[in-house]
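First comes the structure, then the notes that go with it.
Quick note: numbers below take in every heavy atom, side chains included, and nothing from hydrogens, waters or symmetry partners.
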Amino acid sequence: MEQLSYNVRDSLTASYNVEILKCKSIDEIDLLFKQLIPGKINFIYLGQQKYKQSWELQKKIHEKNKNLEIPDIVLFLEHNNVYTFGKNADKDFLLDSHPDADIIQTDRGGQVTYHGPGQLVGYPIIDLHKYRMSVSWYMRTLENVVICSLKEIGIISKQKDGLTGVWVDDDKICSMGVRLSKWVTM
(Lines give C-alpha, C1' and ligand atoms only; values in the text may rest on other atoms or scores of the structure.)
Protein backbone atom coordinates (compact mmCIF):
# COMPACT_ATOMS: atom_id res chain seq x y z
CA MET A 1 0.00 0.00 0.00
CA GLU A 2 2.86 2.40 0.64
CA GLN A 3 3.71 2.32 -3.08
CA LEU A 4 0.08 2.93 -4.05
CA SER A 5 -0.07 5.80 -1.56
CA TYR A 6 2.92 7.43 -3.21
CA ASN A 7 1.37 6.93 -6.64
CA VAL A 8 -1.83 8.56 -5.41
CA ARG A 9 0.18 11.36 -3.79
CA ASP A 10 2.20 11.92 -7.00
CA SER A 11 -0.95 11.80 -9.11
CA LEU A 12 -2.79 14.31 -6.94
CA THR A 13 0.24 16.57 -6.76
CA ALA A 14 0.71 16.56 -10.53
CA SER A 15 -2.95 16.66 -11.57
CA TYR A 16 -4.44 18.91 -8.93
CA ASN A 17 -1.39 20.92 -7.82
CA VAL A 18 -1.67 19.94 -4.16
CA GLU A 19 0.95 19.14 -1.57
CA ILE A 20 0.37 16.18 0.73
CA LEU A 21 2.05 16.54 4.10
CA LYS A 22 3.19 13.33 5.77
CA CYS A 23 2.87 12.80 9.51
CA LYS A 24 4.71 9.86 11.09
CA SER A 25 2.46 9.72 14.14
CA ILE A 26 -0.89 11.12 15.23
CA ASP A 27 0.95 12.49 18.27
CA GLU A 28 2.85 14.87 15.95
CA ILE A 29 -0.27 16.40 14.41
CA ASP A 30 -0.16 19.57 16.54
CA LEU A 31 3.26 20.36 15.03
CA LEU A 32 1.81 19.83 11.57
CA PHE A 33 -1.02 22.31 12.25
CA LYS A 34 1.61 25.07 12.10
CA GLN A 35 2.42 24.11 8.48
CA LEU A 36 -1.16 24.32 7.22
CA ILE A 37 -1.92 26.85 4.50
CA PRO A 38 -4.84 29.17 5.35
CA GLY A 39 -7.58 29.40 2.71
CA LYS A 40 -6.61 26.08 1.09
CA ILE A 41 -7.61 22.46 1.53
CA ASN A 42 -4.62 20.82 3.24
CA PHE A 43 -3.85 17.12 2.66
CA ILE A 44 -2.16 14.98 5.31
CA TYR A 45 -1.02 11.35 4.96
CA LEU A 46 -0.90 9.49 8.31
CA GLY A 47 0.09 5.96 7.24
CA GLN A 48 -1.54 3.01 9.06
CA GLN A 49 -3.53 3.99 12.16
CA LYS A 50 -5.95 2.43 14.62
CA TYR A 51 -9.51 3.52 13.95
CA LYS A 52 -10.29 4.96 17.39
CA GLN A 53 -7.15 7.14 17.40
CA SER A 54 -7.90 8.55 13.97
CA TRP A 55 -11.56 9.11 14.92
CA GLU A 56 -10.47 11.13 17.97
CA LEU A 57 -8.12 13.11 15.73
CA GLN A 58 -10.96 13.80 13.29
CA LYS A 59 -13.12 15.14 16.13
CA LYS A 60 -10.26 17.39 17.26
CA ILE A 61 -9.67 18.74 13.74
CA HIS A 62 -13.43 19.11 13.20
CA GLU A 63 -13.78 21.22 16.35
CA LYS A 64 -10.78 23.39 15.43
CA ASN A 65 -12.15 23.89 11.91
CA LYS A 66 -15.63 24.84 13.21
CA ASN A 67 -13.94 27.39 15.50
CA LEU A 68 -11.96 28.78 12.52
CA GLU A 69 -8.64 27.83 14.19
CA ILE A 70 -7.37 25.75 11.25
CA PRO A 71 -8.19 25.51 7.53
CA ASP A 72 -9.88 22.60 5.74
CA ILE A 73 -8.05 19.28 5.90
CA VAL A 74 -8.27 15.91 4.18
CA LEU A 75 -6.65 13.07 6.10
CA PHE A 76 -5.41 10.06 4.11
CA LEU A 77 -4.56 6.87 5.99
CA GLU A 78 -4.97 3.13 6.29
CA HIS A 79 -6.62 1.34 9.22
CA ASN A 80 -5.90 -1.86 11.04
CA ASN A 81 -8.71 -4.41 10.51
CA VAL A 82 -11.93 -2.78 11.67
CA TYR A 83 -15.67 -2.88 10.97
CA THR A 84 -17.56 0.36 11.55
CA PHE A 85 -21.31 0.71 11.92
CA GLY A 86 -23.19 3.84 10.92
CA LYS A 87 -25.61 5.18 13.51
CA ASN A 88 -28.58 3.36 11.95
CA ALA A 89 -26.69 0.30 10.64
CA ASP A 90 -28.22 -3.16 10.68
CA LYS A 91 -25.82 -5.32 12.72
CA ASP A 92 -27.03 -8.40 10.81
CA PHE A 93 -25.01 -7.13 7.81
CA LEU A 94 -21.70 -7.90 9.58
CA LEU A 95 -19.67 -10.58 7.80
CA ASP A 96 -17.10 -12.42 9.86
CA SER A 97 -14.40 -12.27 7.17
CA HIS A 98 -11.88 -10.76 9.59
CA PRO A 99 -12.52 -12.31 13.04
CA ASP A 100 -9.59 -10.32 14.51
CA ALA A 101 -11.12 -6.98 13.45
CA ASP A 102 -12.30 -4.36 15.92
CA ILE A 103 -16.01 -3.50 15.75
CA ILE A 104 -16.87 0.16 16.33
CA GLN A 105 -20.18 2.03 16.44
CA THR A 106 -19.77 5.48 14.81
CA ASP A 107 -21.84 8.63 14.47
CA ARG A 108 -21.73 8.74 10.66
CA GLY A 109 -24.40 7.62 8.22
CA GLY A 110 -24.26 4.36 6.32
CA GLN A 111 -24.28 0.67 7.10
CA VAL A 112 -21.35 -1.64 7.91
CA THR A 113 -17.95 -0.77 6.43
CA TYR A 114 -14.74 -2.76 6.59
CA HIS A 115 -11.37 -0.95 6.66
CA GLY A 116 -8.00 -2.66 6.62
CA PRO A 117 -4.35 -2.49 5.63
CA GLY A 118 -3.85 -1.70 1.94
CA GLN A 119 -7.08 0.30 1.70
CA LEU A 120 -6.62 4.05 1.30
CA VAL A 121 -9.15 5.99 3.41
CA GLY A 122 -9.85 9.71 3.09
CA TYR A 123 -11.43 11.87 5.77
CA PRO A 124 -12.33 15.35 4.47
CA ILE A 125 -12.93 17.91 7.22
CA ILE A 126 -14.22 20.80 5.17
CA ASP A 127 -16.38 23.83 5.96
CA LEU A 128 -19.14 23.77 3.34
CA HIS A 129 -19.95 27.43 4.05
CA LYS A 130 -16.99 28.13 1.73
CA TYR A 131 -18.39 26.00 -1.09
CA ARG A 132 -22.03 24.93 -1.19
CA MET A 133 -24.22 24.02 1.76
CA SER A 134 -25.76 20.90 0.24
CA VAL A 135 -25.23 17.34 1.41
CA SER A 136 -26.16 15.86 -1.98
CA TRP A 137 -23.80 18.26 -3.79
CA TYR A 138 -21.02 17.32 -1.36
CA MET A 139 -21.55 13.57 -1.80
CA ARG A 140 -21.66 13.79 -5.63
CA THR A 141 -18.52 15.99 -5.55
CA LEU A 142 -16.68 13.42 -3.42
CA GLU A 143 -17.72 10.68 -5.82
CA ASN A 144 -16.44 12.73 -8.77
CA VAL A 145 -13.10 13.37 -7.04
CA VAL A 146 -12.69 9.63 -6.47
CA ILE A 147 -13.65 8.84 -10.09
CA CYS A 148 -11.12 11.39 -11.43
CA SER A 149 -8.38 10.18 -9.06
CA LEU A 150 -8.95 6.54 -10.04
CA LYS A 151 -8.83 7.50 -13.72
CA GLU A 152 -5.39 9.05 -13.12
CA ILE A 153 -4.10 5.61 -12.10
CA GLY A 154 -5.88 3.77 -14.91
CA ILE A 155 -9.05 2.59 -13.15
CA ILE A 156 -12.33 3.43 -14.90
CA SER A 157 -15.15 3.88 -12.39
CA LYS A 158 -18.62 5.40 -12.21
CA GLN A 159 -21.53 6.52 -10.06
CA LYS A 160 -24.78 4.55 -9.92
CA ASP A 161 -28.11 6.36 -9.94
CA GLY A 162 -29.71 6.43 -6.51
CA LEU A 163 -26.69 4.89 -4.74
CA THR A 164 -23.85 6.52 -2.82
CA GLY A 165 -20.29 5.48 -3.64
CA VAL A 166 -18.17 4.63 -6.66
CA TRP A 167 -18.22 1.42 -8.73
CA VAL A 168 -15.98 -0.43 -11.18
CA ASP A 169 -18.50 -2.33 -13.27
CA ASP A 170 -20.77 -3.87 -10.58
CA ASP A 171 -18.15 -3.91 -7.81
CA LYS A 172 -18.09 -1.10 -5.26
CA ILE A 173 -14.59 0.39 -5.00
CA CYS A 174 -15.45 3.32 -2.73
CA SER A 175 -17.90 3.50 0.16
CA MET A 176 -18.79 6.78 1.84
CA GLY A 177 -20.03 7.58 5.32
CA VAL A 178 -20.35 11.25 6.19
CA ARG A 179 -21.31 13.33 9.20
CA LEU A 180 -21.87 17.10 9.23
CA SER A 181 -22.07 19.48 12.15
CA LYS A 182 -22.67 23.20 11.53
CA TRP A 183 -21.91 22.48 7.83
CA VAL A 184 -18.42 21.17 8.58
CA THR A 185 -17.91 17.65 7.21
CA MET A 186 -16.37 14.69 9.01
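- Every residue two or more places apart in sequence or in another chain that forms a side chain to side chain donor-acceptor pair (under 3.5 Å) with Q159 is listed here: E143.
- Side chains of I153 and S149 form no contact here, defined as non-hydrogen atoms less than 4.5 Å apart.
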Please table the atom pairs, donor to acceptor, closer than 3.5 Å between any side-chain atom in residues 174-184 and protein atoms at least two apart or in another chain.
from : atom 1 : to   : atom 2 : distance (Å)
R179 : NE     : D107 : OD2    : 2.9
S181 : OG     : K66  : NZ     : 3.3

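- L36 has its side chain within reach of L21: a pair of non-hydrogen atoms, C-beta onward, lies under 4.5 Å apart.
- With respect to D170 and K158, no salt bridge is recorded, no charged nitrogen being found less than 4.0 Å from a carboxylate O.
- Within 6.0 Å of NZ on K151 lie no more than 12 heavy atoms contributed by other residues, nucleotides or ligands.
- Residues that satisfy the side chain to side chain donor-acceptor pair (under 3.5 Å) test with N81, not counting sequence neighbours, are D100, Y114.
- Listed by chain and number, the residues in a side chain to side chain contact (heavy atoms under 4.5 Å, CB included) with P124 are V74, I126, Y138, L142, T185 (sequence neighbours excluded).
- Under the side chain to side chain donor-acceptor pair (under 3.5 Å) criterion, E56 pairs with K59, not counting sequence neighbours.
- Remark: D169 engages no residue in a salt bridge (Lys or Arg N to Asp or Glu O under 4.0 Å) (not counting sequence neighbours).
- With sequence neighbours left out, Q53 forms a side chain to side chain donor-acceptor pair (under 3.5 Å) with no residue at all.
- Applying the ring-ring contact (aromatic ring centres under 6.0 Å, His included) criterion to H79, with sequence neighbours excluded, gives Y51, H115, Y123.
- Between the side chain of T84 and the backbone N or O of I104, no donor-acceptor pair lies under 3.5 Å.
- Residues I103 and V82 form no side-chain contact, since every pair of their non-hydrogen atoms from C-beta on lies 4.5 Å or further apart.
- In terms of modelled atom types and a separation under 3.5 Å, the side chain of Q111 and the main chain of D90 share a donor-acceptor contact.
- Once rounded to the nearest 0.5 Å, the distance linking OH of Y83 with CZ of F85 reads 9.5 Å.
- When hydrophobic side chains of Ile, Leu, Val, Met, Phe, Trp and Tyr are connected at separations under 4.5 Å, W167 ends up clustered with L163.
- The line from CD1 of I173 to CD of Q119 is 10.0 Å long, rounded to the nearest 0.5 Å.
- Of all the heavy atoms in G39 and P71, the pair that sits closest is N-CB, 4.2 Å.
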task = Apply side chain to side chain contact (heavy atoms under 4.5 Å, CB included) to the pair R140 and T164, showing each step before the final yes or no.
result = CA-CA 8 Å; R140 299 307 74 83; T164 299; 3.6 Å; yes
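- In this structure, CD1 on I125 lies 6.5 Å from CE on M186, to the nearest 0.5 angstrom.
- For K52, there are no salt bridge (Lys or Arg N to Asp or Glu O under 4.0 Å) partners two or more places apart in sequence or in a different chain.
- I73 has its side chain within reach of I44: a pair of non-hydrogen atoms, C-beta onward, lies under 4.5 Å apart.
- In this structure the side chain of I29 never reaches within 4.5 angstrom of the side chain of L31, judged on heavy atoms.
- Counting all heavy atoms, side chain and backbone alike, T106 lies closest to G86 at OG1-CA, 3.9 Å.
- The shortest distance between side-chain heavy atoms of K60 and W55 does not fall below 4.5 Å.
- Applying the ring-ring contact (aromatic ring centres under 6.0 Å, His included) rule to F33 yields no partners; only residues at least two apart in sequence or on another chain are considered.
- Sequence neighbours left out, the pairs with a member in residues 124-135 that pass side-chain hydrogen bond (donor to acceptor under 3.5 Å, both in side chains) are D72-K130, D72-Y131, D127-H129, S134-S136.
- The backbone N or O of G47 lies less than 3.5 Å from no partner atom in the side chain of E78, so there is not a single donor-acceptor pair.
- Side-chain contact check for L120 versus F76: some heavy-atom pair is nearer than 4.5 Å.
- With rounding to the nearest 0.5 angstrom, the NZ atom of K50 is 14.5 Å from the CG atom of L77.
- Remark: the backbone N or O of I61 is not paired with any side-chain donor or acceptor of N65 at under 3.5 angstrom.
- Inspection of the N80 and Q48 side chains reveals an N or O donor paired with an N or O acceptor under 3.5 Å.
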